[in-house]
Amino acid sequence: IGAKTALSLDDSVALISEIIEASHSIRDDVIVLCHGGPIAEPSDAQYVLKRVPECAGFYGASSIERLPTEVAITGQVRAFAALGRGN
């Protein structure tokens with residue numbers, strides 16, 4: 001379920017830091033948010049934000065609506081699939 005990616009959270013930390021450095025070298029009022037890739041859970045976002053304090057926050061999309069729904073639906077389908085006939 002969900003995307004598989006080769007990018008690790010530590011890779012994301014490095015990349016976000018590079019993006020912040022590059023954008024702030026042009027303008028110091030650029031707001032940088034983290035989003036996507038391996039940042040799929042609140043703990044993932046916390047991991048990044050703790051290590052990149054210059055990052056202004058997390059932009060949630062599929063990690064807030066699609067991924068939790070996939071987990072819930074998959075669990076429900078498995079529960080129904082495990083039912084025996086006549087039990």
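Values reported hereafter were calculated over all heavy atoms of this structure, with side chains retained and with hydrogens, waters and symmetry mates removed. Along the sequence shown, residues are numbered consecutively beginning with 1. Just so it is clear, the structure is predicted and the values come from calculations on it, not from any experiment.
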Leu33 vs Ile16, side chain to side chain contact (heavy atoms under 4.5 Å, CB included): CA-CA, chis, key distance, verdict: CA-CA 8 Å; Leu33 303 173; Ile16 292 163; over 6 Å; no
Connected via hydrophobic side-chain network under 4.5 Å: Ile31 and Ile20: no
Val52 reachable from Val30 in the ILVMFWY side-chain graph, under 4.5 Å edges: yes
Cation-pi check, Arg78 onto Phe80 ring (under 6.0 Å, within 45° of axis):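 Pair Arg78/Phe80 does not count as cation-pi.
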Smallest separation among heavy atoms of [X] and [Y], with atom names:
{"X": "Leu49", "Y": "Cys55", "value": "CD2-SG, 3.8 Å"}
{"X": "Ile39", "Y": "His35", "value": "CD1-N, 4.1 Å"}
{"X": "Arg27", "Y": "Asp29", "value": "NH2-OD2, 2.6 Å"}

Set of residues satisfying side chain to side chain contact (heavy atoms under 4.5 Å, CB included) with respect to Glu41, sequence neighbours excluded: Ser43, Asp44
Gln46: partners by side chain to side chain contact (heavy atoms under 4.5 Å, CB included), with sequence neighbours left out: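 By the side chain to side chain contact (heavy atoms under 4.5 Å, CB included) rule, Gln46 matches Lys50.
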Evaluation steps, side chain to side chain contact (heavy atoms under 4.5 Å, CB included), between Asp11 and Ser8: CA-CA 5 Å; Asp11 292 335; Ser8 71; 3.1 Å; yes
Full working for side chain to side chain contact (heavy atoms under 4.5 Å, CB included) between Val32 and Glu54: CA-CA 8 Å; Val32 178; Glu54 303 83 10; over 6 Å; no
Under 3.5 Å: donor-acceptor pair, side chain of Ser63, backbone of Gly60: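 Flag not set: sc Ser63 to bb Gly60 has no pair under 3.5 Å.
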Side chain to side chain contact (heavy atoms under 4.5 Å, CB included) between Phe58 and Val48, intermediate numbers included: CA-CA 9 Å; Phe58 171 75; Val48 171; over 6 Å; no
